[in-house]
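Beneath this line is the structure, given in structure tokens, with notes to follow.
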Amino acid sequence: MDIRASLSLAAAACILMGQNVKAQTLEKMNWFNEPSEWNIAEGKLSMHVTPKSDYWRISHYGFTVDDAPFYYAEYGGEFEAKVKVAGDYKVRFDQAGMMIRIDHENYIKTGIEYVDGKYNLSTVVTHHTSDWSVIALEKPVKELWIKAVRRLDAIEIFYSFDDKEYTLMRNAWMEANHPVKIGMMAACPDGDGFNVTFSDFSVKHLPDKVRTDWLKANAE
């Protein structure tokens with residue numbers, strides 16, 4: 001076998017290995033509040049959202065709940081996370097999107113939330129107590145991309161309808177230099193559950209900004 005053939009076989013093996021790693025990404029993640037019905041196929045996570053489930057702490061409503069499905073992996077440092085969400089929303093407060101979580105008192109959930117017959121871009125930021133911000137959409141959307149960028153002690157949250165043009169919807173504080181759980185979340189506070197599919201989930205490491213700036217300022 002000549003060297004070109006050897007290189008071709010090595011390259012093919014690397015491609016197959018890369019495909020296998022990519023295909024296994026979702027399978028290697030973990031459940032917090034696993035729903036009774038879910039499936040992973042062709043790089044997509046589908047689930048029937050647990051009825052009467054949600055994430056919220058104390059403020060305005062006076063209750064705390066932490067029991068909705070969340071499928072996650074844990075990451076340290078700074079990153080860019082992205083996911084595509086498509087749901088069959090039915091009743092008030094049906095919601096699906098991304099969650100970034102340190103613990104039960106510190107998390108961000110963001111995505112689509114169905115409220116009073118309208119689709120809303122929704123973000124809940126919780127640090128002991130929860131707050132809620134919404135942007136009402138003019139018409140229903142079949143699918144939505146959510147992107148979160150962690151830099152220093154901030155999480156920037158963006159949305160897109162085409163995975164090309166992204167618009168900032170929230171900038172929220174989260175403790176820097178602390179590992180977080182990142183993944184796909186859905187909740188159904190009022191209803192009997194609904195179907196949702198997540199796809200194209202990815203987390204990309206970003207070089208630490210403080211270290212990068214220091215290296216530039218102290219270059220040899």
Side-chain angles (χ1 to χ4, degrees), residues 14-15 18-29 38-47 49 69-73 75-90 94-101 107-115 117-125 132-174 180-187 194-209 212:
C14 288
I15 291 171
Q19 289 177 341
N20 288 337
V21 169
K22 183 176 181 181
Q24 294 299 312
T25 299
L26 290 179
E27 282 83 353
K28 292 181 179 179
M29 296 171 68
W38 63 277
N39 180 61
I40 292 175
E42 299 181 348
K44 299 179 180 181
L45 168 65
S46 300
M47 73 170 90
V49 184
F70 175 41
Y71 195 58
Y72 71 90
Y75 289 83
E78 300 182 354
F79 56 77
E80 176 185 298
K82 188 166 68 170
V83 69
K84 179 182 176 183
V85 187
D88 181 21
Y89 313 100
K90 296 179 178 180
D94 279 359
Q95 59 194 264
M98 181 187 296
M99 175 178 274
I100 302 169
R101 178 184 175 99
Y107 59 81
I108 297 170
K109 62 172 182 174
T110 182
I112 284 284
E113 186 161 356
Y114 187 69
V115 184
K118 293 185 178 181
Y119 289 72
N120 296 267
L121 301 168
S122 170
T123 304
V124 169
V125 177
W132 182 31
S133 60
V134 295
I135 303 172
L137 299 176
E138 295 181 356
K139 58 183 180 180
V141 293
K142 292 184 178 180
E143 53 195 27
L144 177 77
W145 284 260
I146 293 291
K147 180 171 70 175
V149 179
R150 184 188 198 186
R151 283 295 195 187
L152 303 175
D153 61 353
I155 305 284
E156 290 185 316
I157 301 167
F158 302 82
Y159 70 91
S160 175
F161 300 118
D162 58 10
D163 195 25
K164 296 177 182 178
E165 181 178 348
Y166 280 84
T167 301
L168 179 68
M169 60 186 283
R170 185 74 186 262
N171 186 321
W173 179 86
M174 181 163 277
V180 296
K181 297 176 177 66
I182 314 166
M184 294 151 278
M185 178 280 315
F194 65 98
N195 295 322
V196 61
T197 298
F198 301 91
S199 57
D200 301 328
F201 176 71
S202 65
V203 182
K204 179 175 69 176
H205 170 73
L206 300 177
D208 182 87
K209 188 176 187 307
T212 302

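Note that this is a predicted model, so its numbers are computed, not measured. Residue numbers count from 1 along this sequence.
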**Polar side chain donor-acceptor pair, R170 to S133, under 3.5 angstrom** = yes

**Request:** Check whether any side-chain heavy atom of L152 sits under 4.5 Å from a side-chain heavy atom of E78, and report yes or no.
**Result:** yes

**Asked** With a 4.5 Å heavy-atom cut-off, do R150 and V180 have their side chains touching?
**Response** yes

**Request:** Supply the atom-to-atom distance M98 CE to M184 CE, rounded to the nearest 0.5 angstrom.
**Result:** 8.5 Å

**Message:** Give me the atom names and distance for the closest heavy-atom approach of A186 to V196.
**Reply:** CB-CG1, 4.1 Å

**Asked** How far does CD1 of I155 sit from OG1 of T123, to the nearest 0.5 angstrom?
**Response** 11.5 Å

**Message:** With a 3.5 Å distance limit and no angle check, can you tell me whether Y72 reaches the backbone of M99 through a side-chain donor-acceptor pair?
**Reply:** no

**Asked** Is S46 close to N195 at the side-chain level, that is, under 4.5 Å between some pair of heavy atoms?
**Response** no

**ring-ring contact (aromatic ring centres under 6.0 Å, His included) involving Y75 - partner list, sequence neighbours excluded** = none

**Request:** Start with the C-alpha gap between M47 and F198, add the side-chain angles, then the distance that decides, and say whether side chain to side chain contact (heavy atoms under 4.5 Å, CB included) holds.
**Result:** CA-CA 9 Å; M47 73 170 90; F198 301 91; 3.7 Å; yes

**Request:** Can you sort out the partners of W132 under ring-ring contact (aromatic ring centres under 6.0 Å, His included), two or more places apart, ordered by chain and number?
**Result:** none

**Prompt:** Could you give the distance from CG (D153) to CE (M174), rounded to the nearest 0.5 Å?
**Reply:** 11.0 Å

**Item:** From CG (D163) to CG (L144), nearest 0.5 Å
**Value:** 10.5 Å

**Request:** Supply the atom-to-atom distance F201 CZ to Y71 OH, rounded to the nearest 0.5 angstrom.
**Result:** 10.0 Å

**Prompt:** With Y166, which residues qualify under ring-ring contact (aromatic ring centres under 6.0 Å, His included), at least two apart?
**Reply:** none

**Message:** Strictly distance-based, threshold 3.5 Å: is any side-chain N or O of T110 a donor or acceptor partner for the main-chain N or O of S122?
**Reply:** yes

**Asked** Looking at side-chain heavy atoms only, is the closest gap between K118 and L137 below 4.5 Å?
**Response** no

**S160 side chain to E165 backbone, donor-acceptor under 3.5 Å** = yes

**Item:** Gap separating the NZ atom of K84 from the OG atom of S199, nearest 0.5 angstrom
**Value:** 4.5 Å

**Item:** Listed partners of K147 passing side chain to side chain donor-acceptor pair (under 3.5 Å), at least two apart
**Value:** none

**Asked** Mind checking what makes ring-ring contact (aromatic ring centres under 6.0 Å, His included) contact with Y114, not counting sequence neighbours?
**Response** Y119

**Prompt:** Among pairs that include at least one residue of residues 137-159, which meet ring pair (Phe, Tyr, Trp, His ring centres under 6.0 Å), considering only residues two or more places apart or in two chains?
**Reply:** Y159-F161

**Prompt:** Side-chain contact, heavy-atom cut-off 4.5 Å: R101 with F70?
**Reply:** yes

**Message:** Are the side chains of I112 and V141 in contact, using a 4.5 Å heavy-atom criterion?
**Reply:** yes

